[in-house]
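The block underneath contains the structure these notes are about, expressed in structure tokens.
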Amino acid sequence: MLAEDSVLLREGLIGLLSRFGHEVVSAVGDARALVTAVEDHAPDVVVTDVRMPPGFQDEGLNAAVRLRQQRPALPVLVLSQYVQRTYAAELLDSGDGSGVGYLLKDRVGKVEEFVAALHEVADGGTVVDPEVVRQLLRRRRDPLERLTPREREVLALIAEGKSNGAVAKELVVSEAAIGKHIGNILTKLDLPLTDTTHRRVLAVLTYLRA
């Protein structure tokens, strides 16, 4: 089962997998179709990208996490251009941690490496790009380390229950500047893409736990 929004890459992967003796039972271009196709075809292994329609954020990885929650034994290999740390950690922790992989597209040097990783995941193994491991360990050490001193200051004031206007007044800056800082904070903390109010609460919880 293959999920990739780029038509050229999707067709290329179909040809590649077929050449190595694998049957692609379904190839789709968005996360909703991925979930439906897994229900319809019960594949031996799923290969999915992270960013897919409609938002091109983390839809593919989010779908993979949900599929593993419903089917803990379903092997899933994520093939992505970047590390989405929040859902990557959830994916690797799903089930009993077996039959799962996360590879970065730019770091797969040879076709044989990719196919070998796919076989490993399908057989119940775990394959994780070293860069993914590095970023996840870094996140677990200090989730706030990516924030600038000013962003930490803004988050600390938000944790005190202050509104954007109150934070702006205390720091003697415009409310628009505070809004920009908050946007950067939510992005850097890799919070799930829910509504802004909920993400703000999650940011405060992250600060309090750090």
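Below, each value reflects all heavy atoms present in this structure, side chains not excepted, and no hydrogens, waters or symmetry copies.
Interatomic distance, Asp49 CG to Arg51 CZ, rounded to the nearest 0.5 Å: 9.0 Å. Ser80 OG to Asp106 CG: the interatomic distance, rounded to the nearest 0.5 Å, is 9.5 Å.
Side-chain contact between Val127 and Leu103 is present, with heavy atoms from C-beta onward closer than 4.5 Å. Arg68 is listed as a side-chain neighbour of Val100, based on a closest heavy-atom distance under 4.5 Å. The side-chain heavy atoms of Val121 and Val76, taken from C-beta on, include no pair separated by under 4.5 Å. Between Val204 and Ile158 the shortest side-chain heavy-atom distance falls below 4.5 Å. Put simply, the side chain of Arg200 reaches to within 4.5 Å of the side chain of Asn164, judged on heavy atoms. The closest side-chain heavy-atom distance from Glu59 to Pro54 is below 4.5 Å. Counting heavy atoms from C-beta outward, Val38 and Arg71 have side chains that approach closer than 4.5 Å.
The hydrophobic clustering, which links ILVMFWY residues whose side-chain heavy atoms are closer than 4.5 Å, places Phe56 and Leu104 apart. Placement of Met52 and Leu2 in two distinct hydrophobic clusters is found when ILVMFWY residues are connected by side-chain heavy-atom separations under 4.5 Å, directly or transitively. Leu202 and Val167 fall within a single hydrophobic cluster, where Ile, Leu, Val, Met, Phe, Trp and Tyr side chains are chained together by heavy-atom contacts under 4.5 Å. Leu34 is connected to Leu61 through a chain of hydrophobic side-chain contacts under 4.5 Å among Ile, Leu, Val, Met, Phe, Trp and Tyr, so both are in one cluster.
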Without placing hydrogens or testing angles, list every side-chain donor-acceptor pair under 3.5 Å for residues 7-30, not counting sequence neighbours.
{"from": "Arg10", "atom 1": "NH1", "to": "Glu4", "atom 2": "O", "distance (Å)": "2.5"}
{"from": "Ser18", "atom 1": "OG", "to": "Ile14", "atom 2": "O", "distance (Å)": "2.8"}
{"from": "His22", "atom 1": "NE2", "to": "His119", "atom 2": "NE2", "distance (Å)": "2.9"}
{"from": "Asp30", "atom 1": "OD1", "to": "Arg32", "atom 2": "N", "distance (Å)": "3.1"}
{"from": "Asp30", "atom 1": "OD1", "to": "Ala33", "atom 2": "N", "distance (Å)": "2.8"}

With a cut-off of 3.5 Å and sequence neighbours excluded, list every side-chain donor-acceptor pair involving residues 169-183.
{"from": "Ser174", "atom 1": "OG", "to": "Ala177", "atom 2": "N", "distance (Å)": "3.1"}

Checklist line | Tyr82/Val50 under side-chain contact (heavy atoms from CB on, under 4.5 Å): CA gap, chis, key distance, verdict | finding: CA-CA 8 Å; Tyr82 79 116; Val50 169; 3.5 Å; yes

Margin query: Working note: Val83 + Asp129, criterion side-chain contact (heavy atoms from CB on, under 4.5 Å); need CA distance, chi angles, decisive distance, verdict.
Written below: CA-CA 10 Å; Val83 181; Asp129 190 289; over 6 Å; no

Margin query: Evaluate Val35 against Arg66 for side-chain contact (heavy atoms from CB on, under 4.5 Å), listing each step before the verdict.
Written below: CA-CA 9 Å; Val35 174; Arg66 287 188 283 116; 4.0 Å; yes

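Under 4.0 Å is where a charged nitrogen must lie from a carboxylate oxygen, and between Lys188 and Glu151 at least one such pair does. Using a cutoff of 4.0 Å between basic side-chain nitrogens and carboxylate oxygens, Glu113 and Lys110 are not scored as salt-bridged.
For the pair Arg152 and Tyr207, the cation does not sit on the ring face, since its NZ or CZ is not both under 6.0 Å from the ring centre and inside 45° of the axis.
Nearest heavy-atom pair, Ile185 versus Ala203, reported as atom, atom and distance to 0.1 Å: CG2-CB, 4.5 Å. When all heavy atoms of Ala31 and Gly60 are compared, the closest pair comes out as CB-N, 4.2 Å. Here the shortest heavy-atom pairing between Pro53 and Asp5 reads CD-CB, 3.6 Å.
For Asn62, the side-chain hydrogen bond (donor to acceptor under 3.5 Å, both in side chains) test picks out no residue, with sequence neighbours left out.
Residue Asp44 places its CG atom among 12 or fewer non-hydrogen atoms of other residues, nucleotides or ligands, all under 6.0 Å distant.
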